[in-house]
*Asks:* 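One structure follows; several queries about it will come next.
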Amino acid sequence: MTRNFLAGFAYLLLAPVIGALLAGVDRRITARMQGRRGPPILQPVYDLLKLMHKESIGARRTGHFFVLGHLVFMMAAGFEFFFGGDLLIVIFAFALSSIFLVLGAYAAHSPFSHIGAERELLQMMAAEPILLLTAMGFYIANGSFRVEEISASPVPALLWLPGIFAALAFILTIKLRKSPFDLATSHHAHQEIVKGLTTEFSGLSLAIIEVTHWYETIMLLGIFYLFLAPYPAAAVLLVAVVYLLEILLDNTSARMKWQWAMKSSWTTASLLGAINLIVVYYWLGVQP
Amino acid sequence: MSFLKRSPWIVHYDGASCNGCDIEVLACLTPRYDVERFGVVNTGNPKHADILLITGYINEQSQPVVKAIYEQMPEPRVVVAVGICATSGGIFRECYNTKGGVDSTIPVDVYVPGCAARPESIIDGVVKAIAVLEEKHLAMKKARAAS
Amino acid sequence: MGERTVIPFGPQHPVLPEPIHIDLVVEDEHVVEAIPSFGFIHRGLEKLVEKKDFHEFTYVAERVCGICSYIHGMGYCQAVETVMNIQIPPRAKWLRTFWCELSRAHSHLLWAGLLADAFGFENLFMQCWRIRETVLDVIEETTGGRVIFGSAKIGGVRRDVDNDTLKRCAVKIASAAAEFEELKKVFRDDYSVKQRLCGIGMLSRDDAWTLGAVGPTLRGSGVRTDTRLEGYAAYNELKIEPIVETACDSYARCMVRMHEVTQSFDLIQEIAARTPEGPVFEKPSGYPNGEYFARLEQPRGEVIYYVKGNGTKNLSRFRVRTPTFANIPPLLHMLQGCELADVGLIVLTIDPCISCAER
């Protein structure tokens, strides 16, 4: 139990640090792919500290509250995950966290953030089924929703759930806000709705959103780790490869529209995820 | 220590210029000049920006827009007038539809000369603007401590 | 039916660096109506002709727009030269053509980058602008400026470029052209790019013609037209085949410009090899008296300059009809009924130069 608490608190303390470094490396690699030198690795940290020094302007105070909710529920989801708790609770807390951000965007009277919020909801609709399928897959493979027990299983889940793994990798792009799925808001504000979801946030609120995004990234990568949990070194390598592929995809595709995002992710979910699930269900059913 | 100087985010507005300076501002972001080395990001959103780059002079129509962008920026903020038109009106000074340089509308901290301003001078201007940003930040801190 | 919302596009907007304001009336993400408003960049420089000497005005004309700056300066010179009955030396003509094509290549590459940025392909934006820098190097080597050349002059060109430099430039352009071919493949074949461009912003041949579209916008709708065929400067000695696409969508307009860059690169190399020896400037005497319409092909389409002189050092009237000005009605037509996500992209497919349009 103490170990579980330690892991949970380690996540709360270390996730922003690792997330920031990862974001720094991401920006550096992206820049190199584009033929540029790129910013220092610590750039995301500088950005964050600067934002904290800036004036925070917002027409309504409710926006700040929602952003705080966004952070708190994300931390709760991540804590639960690294604590070894129930995967379903993790997913619900995670969804709630995203809802808070959407509410925050709706709190401002700006057409850009409203459209951004609408798109964020659509993206959640696109991503959520696969997250649930993942939890179900782990349950079928290991007989438990508890992360603790899944990671203790001697057989890597990847063996049973390659389809679900691929589907999850697909929606990781949505959650990381990378092309082709950076519809709601993107890392570079060069779209028709300016910065979409985060257009109306500034200063501290924006800093909190940024930190939450790092928590989110680390937790999602944690789920990927779970697929190869029995072999820690291989699992870390897998996570690194997945993240590199995300960067590569970001740099080799255009931003798609929401129709395409919905269609493609639901097709992926049903094809890769559901078929995988059914096959595993019967396979394991036959061999008790 | 303030991190403002390590992460200046810019927003760019084309007052009434010939585009010459604007494309040079954009050229600063691209592989040859790559200002992201210094943490500069073109945010395109005044609410996230620290530095406002304005090219071209101000006319009747653009005056309220420039004011609005300036007012949307959170403190501390710095304005850089890019190119000779933004400084004084330049070649268009004698046109009937001019209000003068950017300083006719909002306070300007750094002037970048040139027609069109070269990317090197724009980067130089941004670096000078970062120093001003730092000063303003300290002044803000002092004012907050005093009150 | 969804609730109607008005989404402002510009004047300060990350997709389009220039100030144009369009009120987009949207239902969900469907654009019902696009209402433009202009004047953010109107300078009234045509009236400046009354204050500036007609030689000096060349430099003002060049600042109609900083992207196709050289062609503006040259078009003005061409109009005044015709009024004054000046025959410029052949070498000057060839050099002018050389710079015209460099302008076109750099403008199209710039545009391609902005388009890529508008559909969220940041890497492609960077690559386009990286190649563009090579073109700008050549421009800088031959004129001294990067975007404003300042080398057109009534009676010829301001400075000569020696043949060695021209040859060196041709080599540089050849290397840029090779890199560009790689880039073109992405625009032509990439799945996500085609998803965003094909079938978006339809402008039928008839609509394009009746609404008065010009340049690549018109050629992308299947009309074979190119003012370079008129044979101004040295174009009468070069073989030019207008690039026409018939798909009428954003992809077609994109491909027209892509092929035009290749064409320009070829022309630049041909010009560098064929430019004849001789003087580059003939001093004009007297003042312009009379009027003339000059037509040229800008990167964005046909541009028309009207000059009227009255025998004094100041012209009495100067007027420009820029291509963007002509392309705005087709643009508004295309915006009706499009998706919000496509607005930035469709606006860019006419290659808007608001600075030109409002002068």
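Chain letters run A, B, ... following the sequence lines, proteins first and then strands; every chain starts at 1.
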*Asks:* Please indicate whether C:Arg159 has more than 12 foreign heavy atoms, meaning atoms of other residues, nucleotides or ligands, lying under 6.0 Å from its CZ.
*Replies:*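 Atom CZ in C:Arg159 is crowded, with more than 12 foreign heavy atoms closer than 6.0 Å.
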*Asks:* If you take all heavy atoms of B:Tyr96 and C:Lys47, which pair is closest and at what distance?
*Replies:*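 Heavy atoms only, the tightest pair is CE2-CB, 3.8 Å.
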*Asks:* So which part of C:Phe125 gets closer than 4.5 Å to some heavy atom of chain B, the side chain, the backbone, both or neither?
*Replies:*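 Looking at C:Phe125, just its side chain touches chain B.
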*Asks:* Could you go step by step and tell me if C:Arg43 and B:Asn97 meet the side-chain contact (heavy atoms from CB on, under 4.5 Å) rule?
*Replies:* CA-CA 6 Å; C:Arg43 288 152 287 170; B:Asn97 191 25; 5.9 Å; no
*Asks:* As an exercise: rank C:His21, C:His42, C:Lys51 by heavy-atom pairs under 4.5 Å with chain B and give me the winner.
*Replies:*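 Most heavy-atom pairs within the cutoff with chain B belong to C:His42.
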*Asks:* Below 4.5 Å from any heavy atom of chain B, which atoms of C:Glu140 appear? Answer side chain, backbone, both or neither.
*Replies:*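 C:Glu140 touches chain B through side-chain heavy atoms alone.
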*Asks:* Non-hydrogen atoms of chain B under 4.5 Å away: do they reach the side chain of C:His106, the backbone, both or neither?
*Replies:*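 The side chain, not the backbone.
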*Asks:* Taking the side chain as every heavy atom from C-beta outward, state whether C:Trp129 and B:Leu26 have any atom pair closer than 4.5 Å.
*Replies:*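 Contact flag for C:Trp129/B:Leu26 side chains = yes.
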*Asks:* Looking at side-chain heavy atoms only, is the closest gap between B:Asn59 and C:Glu358 below 4.5 Å?
*Replies:*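 Not in contact.
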*Asks:* Is any residue of residues 9-21 of chain B within less than 4.5 Å of chain C by heavy atoms, and which ones?
*Replies:*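 Expected list: B:Val11, B:His12, B:Tyr13, B:Asp14, B:Gly15, B:Ala16, B:Ser17, B:Cys18, B:Asn19, B:Gly20.
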*Asks:* Give me the contact list for residues 107-123 of chain B versus chain C, heavy atoms only, anything under 4.5 Å, ordered by residue number.
*Replies:*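 Answer by number: B:Cys115, B:Ala116, B:Arg118, B:Pro119.
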*Asks:* Mark yes when over 12 heavy atoms from residues, nucleotides or ligands other than C:Lys184 sit less than 6.0 Å from its NZ; otherwise mark no.
*Replies:*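 Yes, NZ of C:Lys184 has more than 12 neighbouring heavy atoms, counting only those of other groups under 6.0 Å.
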*Asks:* With a 4.5 Å limit on heavy-atom distance, are the side chains of C:Lys52 and B:Glu94 in contact?
*Replies:*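 C:Lys52 vs B:Glu94: side chains touch.
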*Asks:* Within a 6.0 Å radius of atom NZ on C:Lys172, are there more than 12 heavy atoms belonging to other residues, nucleotides or ligands?
*Replies:*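 Correct, the count exceeds 12.
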*Asks:* What part of C:Ile148 lies closer than 4.5 angstrom to a heavy atom of chain B: side chain, backbone, both or neither?
*Replies:*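 Side chain of C:Ile148 only, per the 4.5 Å heavy-atom cut-off to chain B.
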*Asks:* Can you name the side-chain contact (heavy atoms from CB on, under 4.5 Å) partners of C:Ser103, sequence neighbours left out?
*Replies:*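 Here the qualifying residues are C:Tyr70, C:Ile71, C:Phe149.
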*Asks:* What residues of residues 62-73 of chain B sit under 4.5 Å from chain C when only non-hydrogen atoms are counted?
*Replies:*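 Under the 4.5 Å heavy-atom cut-off, B:Ser62, B:Val65, B:Ile69 qualify.
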*Asks:* To the nearest 0.5 Å, what is the distance between CG on C:Leu45 and SG on B:Cys95?
*Replies:*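 Going from CG on C:Leu45 over to SG on B:Cys95, the span is 6.0 Å.
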*Asks:* Side chains of C:Arg130 and B:Thr30, heavy atoms from C-beta outward: is any pair under 4.5 Å?
*Replies:*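 Not touching, per the 4.5 Å side-chain cut-off.
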*Asks:* Please tell me if the side chains of C:Phe38 and B:Gln61 come closer than 4.5 Å, counting only heavy atoms from C-beta onward.
*Replies:*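 No. Closest side-chain heavy atoms not under 4.5 Å.
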*Asks:* Quick check: closest heavy atoms across B:Ile91 and C:Leu48, and the distance to 0.1 Å?
*Replies:*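 For B:Ile91 and C:Leu48, the tightest heavy-atom pair comes out as O-CD2, 3.6 Å.
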*Asks:* About how many Å separate CG of C:Leu136 and CD of B:Glu24, when rounded to the nearest 0.5 Å?
*Replies:*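 The CD atom of B:Glu24 sits 7.0 Å away from the CG atom of C:Leu136.
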